[in-house]
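All figures in this text were calculated on a predicted structure; none of them were measured in a lab. Residue numbers run from 1 in the order of the sequence given.
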Amino acid sequence: MARYLAQIIVMGAQVVGRAFARALQQEFAASQAAAKARGRTGQQSAAASSITGMSLQEAQQILNISTLTPEEIQKNYEHLFKVNDKSVGGSFYIQSKVVRAKERLDEELSIQTQQEKPQSQQNKET
């Protein structure tokens, strides 16, 4: 009886181990494909995320931004910064998150601008 129980446990562990290894392989392949698709812009964006400590999605959520336009970013930033001012009972922590989110979005806008310049030059040449 104990022998059968041990065999069941060993077989179950093997099945789980194989499934885990397969999932890791698939995740690695997907991450490599995503990195290749992002190319240079993805590397710059990842670098900006690590510098500011905030992902692009998080920054967009904090400032409630759906499209990256300088006007919308500035408008939402000013509103949230004023609302969270310590003198009106706001939170310094939230105010600092708003500042970091704006910095991250500004960095992303500059990355996109740099990316658009070479493309527009290529279009002019052809």
Atom CD1 in Ile9, atom OH in Tyr4: separation rounded to 0.5 Å? 15.0 Å
Distance (rounded to the nearest 0.5 Å) between Ser91 OG and Gln95 CD: 8.5 Å
Quick one: are Leu68 and Gln60 in side-chain contact, heavy atoms under 4.5 Å? yes
Report the residue from Ile62, Asn64, Leu105 that forms a side-chain contact (heavy atoms from CB on, under 4.5 Å) with Asn76. Asn64
Does Glu27 have more than 12 heavy atoms from other residues, nucleotides or ligands lying within 6.0 Å of its CD? no
May I ask you to check if Lys86 and Phe92 form a cation-pi contact, with NZ or CZ under 6.0 angstrom from the six-membered ring centre and within 45° of the axis? no
Give, for atom CD of Glu103 and atom CE of Met54, the distance between the pair rounded to the nearest 0.5 Å. 9.0 Å
Any chance the side chains of Gln57 and Gln61 put a donor and an acceptor closer than 3.5 Å? no
Polar side-chain atom of Arg104 near backbone of Ala59 as donor-acceptor pair, under 3.5 Å: no
Is there a side-chain contact between Val98 and Lys102 in this structure, where contact means two heavy atoms from C-beta onward sitting under 4.5 Å apart? no
Determine whether a donor-acceptor pair (N or O, by modelled atom type, separation under 3.5 Å) exists between the side chain of Asn84 and the backbone of Gly90. no
Chi angles and distances behind the side-chain contact (heavy atoms from CB on, under 4.5 Å) call for Leu24, Phe20: CA-CA 6 Å; Leu24 279 176; Phe20 184 71; 3.4 Å; yes
Please report the C-alpha distance between Leu63 and Ile73 in whole Å, then the side-chain angles of each, then the deciding distance to 0.1 Å, and finally whether the side-chain contact (heavy atoms from CB on, under 4.5 Å) criterion is met. CA-CA 7 Å; Leu63 289 182; Ile73 292 170; 4.2 Å; yes
Would you kindly confirm whether Ile65 and Leu109 end up in one hydrophobic cluster when ILVMFWY residues are joined by side chain heavy atoms under 4.5 Å apart? yes
Do Gln7 and Arg3 come within less than 4.5 Å of each other through their side chains, counting heavy atoms only? yes
